[in-house]
Amino acid sequence: MKPLFKVTKAGAHVSVQGLGRKHCMHEGVPESGAMDTHAFCWANKLLRRSFDSKMLEVTLGALSIEFLNGCQFAITGADLSVTLNGNAIKPWSSYSAMKGDKLVFNYPSPKTGGLRAYLAFDAELALDNKLIDGVLSAGDQFSVHRLGRADFQRAVPAQHIPNYLAPLSVDLIPGYQFGSFSQSSIDVLLNTEYEIRDISNRMAYCLAGAKISHRIRSLASEGIAYGAIQVPPDGQPIILLNDRQTMGGYPKLGCITRLSGAALSQRFAPLKVSFQLVSVDAARQKYKEFMTFFAGLASD
Amino acid sequence: VQGYLVQDVSLLPVSEDALLLSLDTQEENATPDQAALLGGLANYLLNEVDCGIVNVVPAYKTLLLQYDVLRVSQTDLEQLLRKWFERHSDYGFEFNGRLHTIPVFYDSRVGPDLVSLATEKSLDINALITLHTRQTYSVYAVGFQPGFAYLGYVDEQLNAARHTSFKANVAAGSVGIADRQTAIYPSDSPGGWQIIGRTPTDMWPHKKPLLRTGDRVQFVSIDEGRYLALGGVL
């Protein structure tokens, strides 16, 4: 095993993430995984890594690391004013680091938007349970089984770099109890710009805006899929994301798509979002194209 | 019928990579047979076929099924599920949900709501314990927190409202009641259920939950000496 880097300063919300756990939700364990799958997958692609290789999700910044061996790394997602040995570097690109180099993530900027950056390495991180499940703390050290090789720098083509300040209309697949909501409530949902509340986190994005009502008196708890929009008695929609509970009993309108959820995850309060309906077939096709692009053989 | 899979079972997409299977019955509460059926189906999907299943959540009368869209289609899964239901068309089919005997120390020192609940229900403590231990419960769902199993249904006389606010810390092993459900907290956590006792049994052995949907649970009342001997703490 080769030491790769040590954490010299850890923000409160830096964690190791993959593309979500498998075979865990029946035990009551959340799926988890990277909030922004778009940025996550691009980070691995830049390094020609398998699309689901684990990396660091740096929410809100305030992370500093020192490299203990040379490697290639990639940064995607939010621009958290990153510096490498004091020199500013931009996300959506790969870089080379030498032993002793210092990489510093600062904070999200209201000018560029975005909440979470992804930091990937060109080698498989050797992880113990603490590093898999918890948030990082200063002093944590990461190792790899085998160091990567020197490689060219790569950058994500401009047309694939999102603008996290652009107005966001998320795709909603009608499902669950959608049919039990009145048409007027659906109209309200589709014609309201909802404000993201500041209590939003990896479990859920809580929205504020026009109230939605339904006629469901009681509902047995059922499994909650990614992106489910639940409507508690106060009528304010809650979008359940990666760290959501595995089941719940509030009525649900359906689910926003995984790609919409990825874009939503980069927004913060008090930005606004709106909703549009999509068919499950169209959403599935789009998702399959996305996954095929990244899960296919790595190439330039 | 929309989403018709087989008789009294529907299957509908809820997202681009998840389907919700529902048992369509008139009764409000799920039955032990239904819990066993969905638990058996969950076990089949996770452990007996390799068909791109990512996650399943069997709960009461539904089973959420998340799948790898690059490996399997909705149509393939419909066929697979139809065949499974054909093999198990009789709900009386015996699934091997395991029977767990869970020792519980029913005492106000570990069950802060025991006395107040008994008083509210006009029962003496022993009568309350008898009502809680005299039947076998089914696991209808696992959720809320890792390994938290929803057991049902307790005797109508024990139907208890949740606390109006969450208690900051409910100890691991606490046995609680909410409405007509009962459960054991697998780890220390906030909680709102009425706590009537505590078990020394580890609900999360070998990093896996002890209880799974479709399993059955028999509570047994133990005294302080036995509770301490089994590793219980006061």
Side-chain angles (χ1 to χ4, degrees), chain A residues 19-31 51 129 171-179 217-228 244-249 252-261 278-292 294-296, chain B residues 2-3 12-23 28-30 38-39 42-43 45-47 52-71 73-74 140-150 152 179 181 186 204 207-214:
Chain A
L19 274 184
R21 297 187 194 96
K22 294 178 178 177
H23 292 202
C24 65
M25 286 176 67
H26 64 293
E27 299 175 345
V29 177
E31 172 187 24
F51 72 107
N129 280 335
D171 291 337
L172 166 60
I173 303 163
Y176 284 116
Q177 291 77 37
F178 184 85
R217 275 182 300 168
S218 76
L219 179 68
S221 276
E222 58 190 5
I224 301 177
Y226 175 89
R244 69 193 180 282
Q245 287 184 7
T246 54
M247 46 180 271
K252 294 170 286 297
L253 287 153
C255 294
I256 71 165
T257 65
R258 286 187 177 263
L259 294 177
S260 284
V278 294
S279 74
V280 67
D281 291 333
R284 197 182 279 148
Q285 187 56 33
K286 196 170 165 185
Y287 184 55
K288 278 167 82 168
E289 284 165 15
F290 173 85
M291 292 307 291
T292 303
F294 289 103
Chain B
Q2 204 192 3
L12 285 165
V14 290
S15 75
E16 68 266 67
D17 65 347
L19 307 169
L20 189 71
L21 180 143
S22 305
L23 304 179
E28 190 182 331
N29 287 340
L38 292 181
N43 183 56
L45 292 170
L46 292 174
N47 301 319
I53 300 296
V54 177
N55 273 303
V56 297
V57 183
Y60 298 96
K61 291 188 284 187
T62 63
L63 183 143
L64 180 74
L65 194 164
Q66 181 195 349
Y67 64 99
D68 181 344
V69 296
L70 295 187
R71 279 195 57 196
S73 70
Q74 182 178 336
Y140 286 100
V142 176
F144 167 61
Q145 57 172 250
F148 188 98
Y150 291 82
D179 305 324
Q181 304 177 102
W204 193 260
K207 297 187 174 179
K208 289 283 170 192
L210 183 69
L211 305 180
R212 290 171 184 269
T213 301

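All values below come from the heavy atoms of this structure, side chains included, with hydrogens, waters and symmetry mates left out. Chain identifiers are assigned alphabetically (A, B, ...) following the order of the sequence lines, protein sequences preceding nucleic acid strands; residue numbering begins at 1 within each chain.
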Checklist entry - Which heavy atom of V280(A) sits nearest a heavy atom of S15(B), and at what distance? => result CG2-O, 3.6 Å
Checklist entry - What are the two closest heavy atoms between N55(B) and M25(A), and how far apart are they? => result OD1-N, 3.1 Å
Checklist outcome for this item: Nearest heavy-atom contact between V57(B) and T246(A) is CG1-O, 4.0 Å
Item to check | Leading residue by heavy atom contact count with chain B [cutoff under 4.5 Å; candidates G227(A), S221(A), G175(A)] | outcome: S221(A)
Item to check | Heavy-atom pair with the smallest gap, counting every atom of E27(A) and W204(B) | outcome: O-CZ3, 4.0 Å
Item to check | Contacting moiety of L172(A), where chain B heavy atoms sit under 4.5 Å | outcome: neither
Item to check | Interface moiety of M291(A) toward chain B, non-hydrogen atoms closer than 4.5 Å | outcome: both
Checklist entry - Of all heavy-atom pairs between Y60(B) and M247(A), which one has the smallest distance, and what is that distance? => result CE1-CE, 4.3 Å
Next on the checklist: Tell me every residue that passes side-chain contact (heavy atoms from CB on, under 4.5 Å) with Q145(B), counting only those two or more places apart in sequence or in another chain.
Outcome noted: F148(B), Y185(B), P186(B), S187(B), S189(B)
Checklist outcome for this item: Checked I53(B), V142(B), N47(B) vs chain A; the most non-hydrogen pairs under 4.5 Å come from V142(B)
Checklist entry - chain A heavy atoms under 4.5 Å from L12(B): which part of the residue, side chain, backbone, both or neither? => result neither
Next on the checklist: Does any backbone or side-chain atom of L19(B) lie under 4.5 Å from a heavy atom of chain A? Answer side chain, backbone, both or neither.
Outcome noted: side chain
Checklist entry - At a heavy-atom separation under 4.5 Å, does D68(B) approach chain A through its side chain, its backbone, both, or neither? => result neither
Next on the checklist: To check you understand the geometry: which heavy-atom pair defines the closest contact between V69(B) and R284(A), and what is its length?
Outcome noted: CG1-CG, 4.3 Å
Checklist entry - With chain A, which of P146(B), G143(B), A59(B) has the greatest number of heavy-atom pairs at distances under 4.5 Å? => result P146(B)
Item to check | Presence of salt bridge, K61(B) and E222(A), under 4.0 angstrom | outcome: no
Checklist entry - Hey, what do you get for CG (L70(B)) to OH (Y287(A)), rounding to the nearest 0.5 Å? => result 7.5 Å
Checklist entry - Is it the side chain or the backbone of R21(A) that comes within 4.5 Å of chain B heavy atoms, both, or neither? => result backbone
Next on the checklist: Looking only at heavy atoms and a cut-off of under 4.5 Å, which of A18(B), P209(B), A30(B), A42(B) has the most pairs with chain A?
Outcome noted: P209(B)
